[in-house]
Amino acid sequence: MRAGSGDVAGALIDAMRPGTGIGVAVHDEDLRVLVISPSLVELSGAEGDELVGRRLTEALPAEVGEVAEASLRTVAATREPLLRLEPAVEAGRERGWLIHVYPIGHEGRELVAVIALDVTESRRAHEHLRRTRELLDTAQRMARVGSWSWDVAGGRWQWSEELFRIAGLTPAGRPPDLRMLLPSIPDEHRQAVLDVTAQALRDGRPYEIRFPVVLPDGRRRILRGRGVPVRGESGAVEQVHGFAQDVTELSRAESQQRAAAELGRLALSGVTFDVLLREGADAVASELGLDLVAVAQRRGEDGPLMLRALSGGGMLSGRDEVELDEESLSAQVLREGGPAVVPDWEAEHDRPTPALAIELGMRCGVAVVIGSREAPIGVLSGHAAAPGRVGEEDAAFMETVANVLASAYKRLQSEAEVAAQSAARGRLVALALDAEDRARRVISEALHDGPLQDLLALGHEIARLRPAAGGDDAHLARVDDGLARAISQIRRVMLDLHPVQLQVGGLESALRAICAQQAAASGYHCVVEIEPAAEGRRDELVLSLARELLRNAGKHAGAREVAVRVALENASVRLEVADDGAGIAPERLGEALGEGHIGLASSRERAEAIGGSFHVGPRADGWPGTQAVALLPRS
Amino acid sequence: MGHDPSVLSSSGTSALTRRVYIADDHEGYRSGVARLVAEHPALEVVGQASDGEQALAGIVECQPDVALLDVRMPGLNGIEICRRLQAEGTAPHVRIVLITGTPDPVLSTQAAEAGAVALLGKETPPNTIASQLLAAAEGRVGWSVE
């Protein structure tokens, strides 16, 4: 859209239509529009020829018109161009323009030309790039990861801002090269960094390394670095790109996690609680770099707070037992029920200052409760001579250690209770077994010494009366038979109640008798092997268990062959009864007990009551049948 | 063994009468056996005891031809008496016959090992007991369990 020109220039201006991204206008000495491209007309928001012959203050909204015309006025007055003007973007008009205003002379006139470039896309690209950089920087900052690039040939380094921060340097400065960086790496790690870098330059392979650095402010940090070499056309490594991450917290967390796990393993290894407390104190001292770590427990429920363990395995010199006063940090924490962190006692005004900590030269402290607030077990406290050495994260680790200690304490307490109950139960069972054995023996002896002997003597009396019976043999035979049956029954009951043979013939005699009796009653064949050394150790229990098992072999298993072996195995008498019967399913044992068949359960109880064991299951040799093995510590 | 009962007999009865010592803690049984021994023409009772310690002392003192000992008695049991006599050699010519209310094969083996010449069940008929005692006294008994 133009006025006053029908030439090529005019055609060119006409070609600058909306969307071409470029616009041109020429203003006369009065700053009125002489010519204007359609693209600029569109930019102004005016209609077609409205602008020609008018000043911008007349055509554009007030403020915009004033600003634009001020630029034209300046150039007209100074005859100096104004470049790169960026008009404010109005609401609803998203496109951005870059304006250049030039003084031009034409046929003796002093005109002003405006060239406008649409920089919307360029600006968007720049904005995108800026945002991307910001995001990257934020991400790097959050991850504590800094990136770098090394132009090997040119000896130039580029560092991201976060890498500067990680290295404790100002981002505005020039990044140090490897040579400048080396002094910050402790001596013992320096060579490794040099070696891995040299290796990467030689073989062009990516590498990774973890090493400590000492920052300018003296803090020691741990970095994890990774480098990816890039080869040039010559094949040589020309660039290395990489990143470095501050893994100090991660390494510390890993180390603390390992320490806590190690303490947990120790807790399960059977050590005493005192040992565990010392190990816990040492772990806290080592992981947190504290000078003194202590564990305190109340003596009794409301008794004084006593020092139970100290890091380094010692007690306070010259004191066998240390009572902590109620102003100690441990006592305070116990009252409060939660963790406490005191970075500097000299600057602490809310808490009473603990005398002992000050006496020992401690400036800061941290303490946590072991166990729950409602049922505290003790207090774990850490102290350092330098102020500011403790923080919330130290309290968090100490709470982890305290949890391990509390769990171990509860578990040990439970184990002790179970052991005490088990021992009490064992004693009761043993007493019951002894009482049962005594009762059996007494009844058996009473039968032997009384009715049996009487009947046997009676047999002799009847024999003496035989001549007087007048040949009534049938009657006598009935008497003899009745007598024999009574004697036999009494003998069987005696044998069942108590092995009389044990007293006069020992274990082998009694066991063979029982086997013979059960074998005859059940119709199986029984083999007995007894190692002489195993006799006299647990004879009565061996006989009792064997009797139960031999009865089962006939009654439940339908066995045809039964083998009984008694031997000495280490410190125990080993009774094994194996049969070729129907076998017993593992679940059957539980069912049998549920159905009231307490024989096997009772056998196990009796074995376990004296610290032994009793197992029933399939035969160890793989043959069908059942095998029962009792291990009975020798008495 | 070269045992000559006529030499050892110290009573006034026939030199062919065998001297028997009886030990059993059951009074009724012991007296029954004692009676049948006494009634036997070739046997005589030279002593009785109702417990093991008494029996050991009595046998040593009486030196009978044969001692009939209950296996199970208060104090020493019959097998222990056998072992003591063997070990101490205080009655080298006395033959021991054990008798028990609860016989079993293993017990008889142990009795033999202890030095007894026989193990009888108490239900053994009186005549058999007497004949066993006579046979034992005369050295005619190998090993038997009744």
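Lettering of chains follows the sequences in order, A, B, ..., and the numbering in each one begins at 1. What you see is a predicted model; the values in this text were computed from it and never measured.
Ranked by heavy-atom pairs under 4.5 Å with chain A, the list B:P125, B:G32, B:P126 is led by B:P126.
Interface residue B:E39: only side-chain heavy atoms are found under 4.5 Å from chain A. For B:D25, the part lying near chain A is the side chain, with the backbone staying farther off; criterion is any non-hydrogen pair under 4.5 Å. Heavy atoms of A:L452 lying under 4.5 Å from chain B belong exclusively to its side chain. Proximity to chain A is absent for every atom of B:S31, based on heavy atoms less than 4.5 angstrom apart. Of the two parts of A:Q453, the backbone and the side chain both hold a non-hydrogen atom closer than 4.5 Å to a non-hydrogen atom of chain B.
Here the side chain of A:D580 pairs no donor or acceptor atom with the backbone of A:A559 at under 3.5 angstrom. No donor-acceptor pair under 3.5 Å is formed between the side chain of A:D449 and the backbone N or O of A:A446. Within the 3.5 Å criterion, the main-chain N or O of B:V60 finds no donor-acceptor partner in the side chain of B:Y21.
With no hydrogens or angles considered, a side-chain donor-acceptor pair links B:H26 and A:D454 at under 3.5 Å.
Salt-bridge check for A:E540 with A:R438: failed, with every basic side-chain N at 4.0 Å or more from each acidic carboxylate O.
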